Amino acid sequence: MKPLIELTGVQKFYGDYHALRDIDLTINEGEFFSLLGPSGCGKTTLLRTIAGFEGVSEGSVMIGGKDMDGVSANLRPTNMVFQSYAIFPHLTVAENVAFGLRKRKDIAKSDRPAMVEDALKMVGLAGYGDRAAHALSGGQRQRVALARALILKPKVLLLDEPLSALDKKMREQMQVELIRLQRHVGITFILVTHDQEEALVMSDRIAVMFEGEIGQLDDPETLYRRPKSKRVAEFIGKMNFLPAEVTSASDVIALDVAGLGKCEVPQEQAPGGATVGSGVVGIRPESLGILFEGETTDRQLVDAVVDEVVYYGDMTYYDVRIAGVEEPITISMKNMIGRPVLDKDDQTQVIWDARALVVMP
Ligand code: ADP
Ligand code: MG
C-alpha cells in the first residue's frame with residue numbers, strides 16, 4: 001500500500017474554537033476511507049483541509065509526497081462531492097458534467113463531449129446527457145454530481161455525506177454503486193458520514209472522530225469487534241456494558257464481571273489496554289444467547305428474567321435482568337422454527353462466553 005495523503009500534527013482553530021486537535025493520518029492510494037463521527041466532530045473541516053478550501057492552523061497536509069501548504073483547491077489532485085447535490089437545474093445533464101471542465105483551458109472543446117459521455121457511463125447515466133437536470137430523481141442528481149467530480153480524473157474523491165439526502169432504499173442502492181465505482185476507477189475515496197452502518201459496509205478503513213480528535217482508526221471488523229474505548233463502542237452498533245474488576249493484567253487478564261463472575265481473557269480482548277482496578281467490559285447483543293427449552297450449550301449460563309421483548313420478524317431483541325447488574329442487558333436472537341418468542345417476566349438462562357468480552361479502560 002502506498003501512502004497518498006499524509007496529515008501530520010494538524011490543528012485547526014476557528015477563533016478560540018479548537019476544531020481539529022493534533023490529527024495524524026495516512027490514507028493510501030486506492031483506499032476507500034471513511035471519516036465517521038457525530039455531527040459537529042470536525043469531519044467536514046478535516047475534508048476541507050484536504051481539499052484546500054480551508055487552511056490548517058498548524059501541521060502539514062501532504063498529497064502524493066507534495067506539501068499542500070499554499071496550494072489552492074483547484075490546483076490540488078482532489079475533487080469534492082457535497083451533501084446537497086449542487087447541480088444546476090436549468091442546465092442539461094451533459095452541461096452540468098462539463099461544468100467540471102470549466103477551468104481547464106488546456107482541454108479542447110472538441111474533446112469534451114466524449115469525456116462527458118465517459119463520465120456519465122461511469123455513474124450509470126449513459127445516454128442521459130440531453131435530459132434537463134431538474135427532471136432527475138435525487139439518486140440521479142447525485143450521480144450527475146459524481147460524474148462532474150470524476151470527469152477530471154482526480155487522484156482523490158472527497159465525499160461529504162453524499163447520500164444523506166436520499167431515502168433509505170436509494171441510499172442503500174447508491175452505497176453499492178459507490179463501492180463498485182470506486183473499485184472501477186481505482187482512485188482514493190474519502191467518505192464523510194455520521195451513519196455507522198454506511199461506514200462499516202463501504203470502507204476499507206474508518207477513522208472514528210470525536211470533538212476534533214480521532215478516537216480510533218481501524219478496518220470495519222476490528223472497529224466493531226475490538227473497540228478501544230466505550231465511546232467508540234457506543235457509536236458503532238449496540239454494546240452492553242458491565243462493571244468489572246480487573247484483578248490481574250499480565251499475559252492474560254483476570255476479571256470479575258458483575259453478574260457473570262470470574263473469567264480470564266487474552267490481551268487482544270483489551271485493545272485499549274487494561275490495568276488492575278475497576279473497569280468495564282463490553283459485550284454485543286449477538287454475542288449473548290438465550291437457552292431455549294430443549295436446547296443445550298457447552299458455554300456458561302446465568303439465570304435471567306425477561307424485562308422487555310422487541311420483535312423484528314427475523315430477530316427478537318430481549319432486555320433481560322440478571323442478578324448483580326443494575327441495567328438490563330440486551331440480547332438479540334435469530335427467530336427459528338421451533339423456537340418460541342419469550343414474554344416479559346419469563347424466567348430464562350443467558351448463554352455467555354468470555355471470548356466475546358471486550359475489556360475497556
Ligand atoms: P461535522 O462535519 O463533523 O458535522 P464540522 O467540521 O462541520 O463538523 O464542524 C466542526 C466544528 O467546527 C463545529 O462545532 C462547527 O460549528 C465549527 N465550525 C465549522 N466551520 C466553522 C467556521 N467557518 N467558523 C467557525 N466555526 C466553524
Ligand atoms: Mg459535516
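The basis for the numbers below is simple: all heavy atoms, side chains too, and nothing from hydrogens, waters or symmetry mates. Quantities reported herein were computed from a predicted structural model and do not represent experimental measurements. Ligands are counted one by one from 1 in listed order, and the atoms in each one are counted from 1 as well.
Under the 4.0 angstrom criterion, atom 15 (C) of ligand 1 counts as lacking any protein heavy-atom contact. Distances from atom 23 (N) of ligand 1 to the protein include at least one heavy-atom value under 4.0 Å.
Summary of contacts: the protein heavy atom closest to atom 11 (C) of ligand 1 is Tyr17 CE2, 3.5 Å. Summary of contacts: the protein heavy atom closest to atom 19 (C) of ligand 1 is Tyr14 CE1, 3.4 Å. Protein heavy atom at the shortest distance from atom 7 (O) of ligand 1 is Thr44 CB, 3.7 Å. Taking atom 1 (P) of ligand 1 as the reference point, the nearest protein heavy-atom neighbour is Gly40 N, 3.5 Å.
Salt bridge annotation for Arg355-Asp353: present, with a cationic side-chain nitrogen under 4.0 angstrom from a carboxylate oxygen. For the pair Glu172 and Lys168, the salt-bridge criterion is met [side-chain N within less than 4.0 Å of a carboxylate O]. Under a 4.0 Å N-O distance rule, the pair Glu31/Arg205 qualifies as a salt bridge. Checked for salt-bridge contact, Lys155 and Glu29 miss the test: no charged N lies under 4.0 Å from a carboxylate O.
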Glu117/Tyr128 under side chain to side chain donor-acceptor pair (under 3.5 Å): CA gap, chis, key distance, verdict: CA-CA 9 Å; Glu117 200 47 41; Tyr128 277 68; over 6 Å; no
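No close placement of the Phe189 and Phe33 rings is indicated, their centers lying 6.0 Å or farther apart.
Taking the six-membered ring for Trp and thresholds of 30 and 60 degrees, Phe210 and Phe235 have ring planes more than 60 degrees apart, a perpendicular arrangement.
Closest approach of Pro271 and Pro227 over heavy atoms only: CG-O, 3.3 Å.
Applying the salt bridge (charged side-chain N to carboxylate O under 4.0 Å, His left out) definition to pairs two or more places apart or across chains, none involves residues 230-252.
With contacts defined as side-chain heavy-atom distances shorter than 4.5 Å, the pair Ser57/Lys12 qualifies.
Shown in contact with Thr45 at under 4.0 Å from a heavy atom are these atoms of ligand 1, numbered in order with element: 5 (P), 6 (O), 9 (O), 10 (C).
Every N/O-N/O distance between Ala19 and ligand 1 stays at or above 3.5 Å.
Of all protein N, O or S atoms, those under 2.8 Å from the Mg ion (ligand 2) number 1.
Close to ligand 1: Cys41, with a non-hydrogen atom less than 4.0 angstrom away.
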